[in-house]
Amino acid sequence: MNFENISKKQLFKESQIMKIHYITGICALFVVAIHILMRVIMPYNMSLEYENVVMNYHNIFYAILLEIILVLIAIHGFNGLRIILIELRQNTAWEKSMTILTIIGMISIIAYGTRTIIIGNGLEI
Amino acid sequence: MVVNDIGENRVNREGLKGWLNPTRYGWERVSYWFQRLTGIFLLVYFIGHVYETSSLTNGIDAWNAMLELTQTTGGHIFLILVIGASTFHSANGIRLIFVQSGKGLGKPGRPDYPYDPVSLNKTQRSGIWIALILSAVAMLYGANVLFE
Amino acid sequence: MPDVIDHDIVIIGSGLAGLRAAISAASVTNGKKLNIGVFSKVQVMRSHSVSAEGGTAAVLFDDDGDNKESHVYDTIKGSDFLGDQDVAERLVDNIPFEIYQLDRWGMPWSRRDDGRIDQRKFGGYSYPRATYAQDKVGFYEMQTLYDTSLKYDNIHFYNEWFCTSILHDDNNFQGLTAIEMKNGNFVKIKAPAGIICTGGAGRIFSFSTYAYSSTPDGLDMCLRAGLALKDMEFVQFHPTGILPSGILITEGARGEGGYLINNQNERFMLKYAPEKLELAPRDVVSRSMIQEIQAGRGFEHESGLECLKLDLTHLGDEKIKEKLAGIREIGIKFSGVDIVDEPIEIRPVCHYMMGGIHTDIDGKTEMNGLWAAGEAACNSTHGANRLGANSTSECLVWGRITGEVAAKYALSKKESSSGNISITLNNQQILDEEKRIFDNIFRGRGQVNPYEVRKELTDTMDAKAYVYRDEKSLMEGLKKTRELKESAWKHVDDNSKEYNTNFTNVMEIDAMLRTAEIVLMGAINRKESRGAHARIDFPKRDDVNFLKHTLAYYKQDGPVLDWYPVTFTRYAPVERKY
Amino acid sequence: MGWKFNMSGKDNSGDHSGNDNNEEKIHKKELNGPKKTKSVESKSKFTDKTITLKIFRINQNNEKSNSHFDEYKVSSKRWTTVLDTLLDVKSYQDHSISLRYSCRMASCGSCGMKINGVPRLACYTKISDLISEDDPDPTITCEPLANFPYIKDLVTDFSQFFNHHRKIMPYIQNTKNDTIDSENLSEYVQSPEDLDKFLQFSYCIKCGLCYSSCPTVATDMNFPGPQALSQAYRYFIDTRDSANKTRFNIIDDRHGIWRCHFAGSCSHVCPKGVDPALGIQLLRSHLLGFNKNEKKIAKLREK
Ligand SMILES: Cc1cc2nc3c(=O)[nH]c(=O)nc-3n(C[C@H](O)[C@H](O)[C@H](O)COP(=O)(O)OP(=O)(O)OC[C@H]3O[C@@H](n4cnc5c(N)ncnc54)[C@H](O)[C@@H]3O)c2cc1C
Ligand code: HEM
Ligand code: SF4
Ligand code: F3S
Ligand code: FES
């Protein structure tokens, strides 16, 4: 029968992954809250003006905050996606490729976002 | 769909349709469905948002061009949905974290007819409602800010 | 799936007896494990045993004054002295072990506050002796045994395999034929040893507490293989079945203090069994109830049947919910009555077959290599009337005994043939069987609706062989049964192979007709009233002529009856009073 | 309560209150007086009706596209269950319908099927609860349980479901006291409170309704499903069992307990109040290491 556990070797136990999922979820809640509050300190439209945005990026604490958000949500979100995907089909090839796919997604979005933060941090107004 | 040794003709899994249909089995099922949809939706938005902000690196003109693209009525409505989705997902997510670690569920006991599963108790149901209401409020507030 | 399956032991039936036998056989080894096959026409946990409600009788509280001797005597007195006394002693000796064994395996026995296993009162016992787990004893026992059996990798379950006949060579068991219901294949099974645990046959009555699967196909298989059925005329009618379905309200309800009342609101058992009242043995209570009804003191149920009521309202909400939750659910769901608020309508209902395949004290049948246990077997523990809670005990005790004995037998066979028992099946038998089921039944012809025949048969049994019987009605019943048997009903309309329940139903009806005939003939032949067999025309017990078991063999042109002696050890028959 | 009954059963004195546990009063129960009773449901509410029964027909060896619904007319009374009508149809209208049934009292778990789109036990579902009194042509639809492979008509294949159950080791493992010898008969000391912790979950009749309703099972065939997982909890929390680690290793898997997202549908459809969703979440709490000291291993009673 095509029943036995397909996944025997795993880097993390599923419980560890899910703990990470929960923790990233909760932490994301707080940091995103701060991120959004920044939008409402000043009128919304003003907060989106190029100068104001770049000013924010110059603030090293804010830049770190953004980086944290980026990492947390990328992990949480792509792991969520992985969960949904591996529930869809059960065979080793599919599961492996989905895991790799989500990890690639996770890394690339973090990399791409980090690039914005670094460059933003160095931009002249 | 899932086919193992049982052969195509006999497969009777509900499949994707199963989890996409929240209309049976009560409110917990609706909350499950919403949590998934909002999760995927937020992920899509998140990717888009990272891409959106990256236009920053190409200077003020690129940034303003992007703003012009997104800060439209349609874009605002989309943003309001994101606000609603993230409020629901976070609030309900916190409830889920609690219940999935066994908190706030009530105790098993001797089953009594008519059977009333304690896991589907008032606390849970009100948790779902609170998440729904919070997200509605957040959406109203968001609309207020965006369309002032 | 190969055409022939090999096993060391086959067990037919996966009720309490079958599972207990499987586990006990699986743990007998001499270094090598035996290969055990459990065949059942329903999935394991769908067996009828899951319906047992009230308790399992055992002497556990010696320190509180209970003792084994009293259990033996209660059983024998309950049996109206037709029970074999050595067998009853064996039962009583062995059952405490089974209770504790089940506890080790995870049985959720109801507990006293000090953490010990609790017991409740049951009809016909001198002490509270029914070990219980709420009111779902059979269910929990089945679950415990099933789950435990999953531990053994040498037990193979064949779910939904309908066994049709026993293969034998002269008097040696060789195997079985069966139909795999999922795909309709006809399969032969070879094994040196077999245990029949196919349960009771109560579905030959319409108004019955039994599951629909409790038909006598197992008994019939043995009958066709030349074995005898013993004491089939003794059918127990349980006092409290709800209307119109016949679902059981456990004796535990009366054990916990329920009253039976008539339409005068009287607790009429005061008249019939002044000492034990509602907790007299079942035959006594059932007869009293029929007398009440015939005296015009019954209620009329919507369905037209007359009935009495069981009053539990005084037990209180708390106690009912704690100890009789399942009954409450049944009442609400199937009768529309909440027993907490209202008495529930009940009527005596067919509940247990004291008779079965003739076996000795070890459960061995007349055929070498074949044993029988549980309700299908008649090792004469229960004689003419079983006490409540003694049946699950019997299933457990003889499940274990037969499992062990059969395993040892199989092992010795294996050893003497150096590991490879070669059985040459008798081809003629297999061809005959194929002819019987495929040519005669599956491709049979007829205009009469077999389900109609089943309905008429069971209704006839209800009308003619109920609590009180007499020559005239029994004869009428026998005549009707023979008429039905001769009519052109043997045919199957559904011609698909896969999961053809039409086919299996017709095979069951075939067996029911033969068994019903034996029940009726035995009842006609026994011209006395003893235990559950009450004749209006012979109201007295007759120890001179009838203190013996009935045996029935099936010969070419019908059943042939014979007698068999009862074993006595210590107790001489006395008049039964409660 | 004493063993001997009070003989004064006919005593008319004293009042009778329905909820009295007091033994004294039980015996003084008024037997001849009028009784006030309240019905659970009004008995005369449901008049006999003719209904249309739609039954899904399929055969595992034919093409799926051959499946169809057959319709039958049957009459029903107040107490008639869906199983009764199905058997009625099978006996008198169409012998070829295949379905499983055995106990007809909701304790064997054979007769699970989708009735009007929701998984239910046929023997436990009354016609009168499904249709409204003034519906001129009430129709009831019976389909096989979803998520179980088809065999024929309403009969589905449970082997995968049972295998999942077997995989979680549903038996007591207690290295210390596994064996029992006839010399030293005694039971584990288990208080009623300890019993209550798992009693509810051991009431599972393996009917598969929960398995059929769970959205994860709908796509994930390696997910043990609510039934197996709640049984894992039932044996885990039993004070007689000491195999925590082994069982955790089985369920803490990519397709294990974490694939339950608390959709609650299992508890919603369970006919026996097992509340598998509760069992799963509690099991998860132990797996996560909360509630660590809730469980003590029981000892055998000293003789
Ligand atoms: C409602 C009810 C309540 C009861 N309550 C109590 C109680 O409280 N205490 C007590 O002690 N006793 C009680 N009894 C009696 C007791 O439950 C039964 O006597 C006992 O369960 C019988 O078990 P068994 O193993 O012999 O057979 P069963 O459980 O009937 O099992 C028979 C098995 O044989 C299989 N089978 C039959 N024919 C075939 C075939 N042709 N091919 C393959 N397989 C076949 C069936 O599939 C089934 O698995 C009660 C009985 C009823 C009806
Ligand atoms: C802000 C606080 C957040 C919290 C507390 C939170 C919490 C959770 C929880 C508990 C789950 C698990 C649900 C389950 O196992 O059934 C989950 C799933 C998920 N989350 Fe979040 N989340 C948050 C934010 C986000 C964000 C911002 C995204 C988008 C990038 C996201 C994407 C997802 C996805 C895709 C899933 C998978 C859905 C599923 O498993 O059903 N989450 N979240
Ligand atoms: S948990 Fe409930 S629904 Fe699921 S199999 Fe058990 S009894 Fe049926
Ligand atoms: S329906 Fe399924 S997702 Fe969990 S709570 Fe029940 S197992
Ligand atoms: S027939 Fe047994 S549960 Fe319905």
Side-chain angles (χ1 to χ4, degrees), chain B residues 1-36 39 92-93 95-121 124-125 127-128, chain D residues 58-64 117-118 144-151 156-157 160 196-201 203 212-221 233 237 258 260-286 288 290-291:
Chain B
M1 256 336 306
V2 191
V3 180
N4 58 351
D5 61 339
I6 58 172
E8 183 87 55
N9 276 335
R10 300 183 50 208
V11 172
N12 182 23
R13 295 250 166 204
E14 278 196 329
L16 261 181
K17 265 193 283 169
W19 79 255
L20 280 174
N21 177 2
T23 55
R24 310 157 291 174
Y25 313 132
W27 283 103
E28 281 72 16
R29 185 64 173 258
V30 177
S31 113
Y32 156 84
W33 177 77
F34 247 154
Q35 184 74 0
R36 288 226 135 160
N92 193 44
R95 176 186 75 94
L96 280 175
I97 290 173
F98 272 102
V99 288
Q100 296 193 352
S101 354
K103 302 277 173 263
L105 272 170
K107 265 178 34 191
R110 231 175 244 124
D112 250 338
Y113 185 86
Y115 302 119
D116 239 341
V118 289
S119 72
L120 313 180
N121 60 13
Q124 299 315 312
R125 212 143 293 174
I128 296 168
Chain D
I58 191 169
N59 188 323
Q60 56 175 350
N61 287 346
N62 299 348
E63 284 300 309
K64 223 180 205 169
V118 179
L145 283 181
N147 299 343
F148 292 90
Y150 296 116
I151 291 182
T156 48
D157 187 347
Q160 204 172 55
D196 278 356
K197 283 186 191 151
F198 68 85
L199 189 65
Q200 170 177 0
F201 304 107
Y203 198 14
S212 169
S213 72
C214 174
T216 307
V217 177
T219 56
D220 190 341
M221 64 182 181
Y233 181 65
I237 200 69
W258 298 100
C260 165
H261 306 282
F262 195 52
S265 320
C266 46
S267 297
H268 197 85
V269 298
C270 179
K272 292 276 127 181
V274 174
D275 202 350
L278 175 66
I280 300 173
Q281 315 317 322
L282 292 179
L283 181 57
R284 190 148 39 191
S285 79
H286 284 273
L288 286 168
F290 309 132
N291 301 344

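Within every chain, numbering begins at 1; the chains are lettered A, B, ... in the order of the sequence lines, protein sequences first and strands thereafter.
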Taking [options] one by one, which has the highest count of heavy-atom pairs under 4.5 Å against chain B?
options: Ser212(D), Ala277(D), Ala146(D); answer: Ala146(D)
options: Asp196(D), Leu288(D), Ile58(D); answer: Asp196(D)
options: Phe201(D), Phe198(D), Phe262(D), Tyr203(D); answer: Phe262(D)
options: Pro215(D), Ser285(D), Gly264(D); answer: Pro215(D)

Structural part of [X] lying under 4.5 Å from a heavy atom of chain D:
X: Gln124(B); answer: side chain
X: Ser31(B); answer: neither
X: Leu105(B); answer: both

Tell me, side chain or backbone of [X] under 4.5 Å from chain B's heavy atoms, or both, or neither?
X: Cys266(D); value: neither
X: Leu145(D); value: backbone
X: Val217(D); value: both
X: Pro271(D); value: backbone

Side-chain contact test, heavy atoms from C-beta onward, threshold under 4.5 Å: evaluate it for Gln60(D) versus Asn9(B) and give yes or no. no
Taking C-beta and beyond as the side chain, do Thr219(D) and Arg13(B) meet within less than 4.5 Å on heavy atoms? no
Looking only at non-hydrogen atoms, find the nearest pair between [X] and [Y] and report the distance.
X: Leu278(D); Y: Lys107(B); value: CD2-C, 4.3 Å
X: Phe290(D); Y: Ser101(B); value: CE1-CB, 3.3 Å
X: Val99(B); Y: Gln281(D); value: O-CB, 3.3 Å

Could you pull out all residues at least two apart from Asn62(D) that satisfy side-chain contact (heavy atoms from CB on, under 4.5 Å)? Asn59(D), Asn66(D)
When [options] are compared by non-hydrogen pairs under 4.5 Å with chain D, the top option:
options: Gly18(B), Gly26(B), Gly109(B), Pro22(B); value: Gly109(B)
options: Arg24(B), Lys17(B), Arg110(B); value: Arg110(B)
options: Gly102(B), Pro114(B), Ser119(B); value: Ser119(B)
options: Tyr25(B), Trp33(B), Tyr32(B); value: Tyr25(B)

Quick one: does Asp275(D)'s side chain have a donor or acceptor within less than 3.5 Å of a partner on Pro108(B)'s backbone? no
Heavy-atom donor-acceptor pair, Arg29(B) side chain to Ala263(D) backbone, under 3.5 Å: no
From Leu120(B) atom CG to Ser265(D) atom OG, the distance as rounded to the nearest 0.5 Å: 9.0 Å
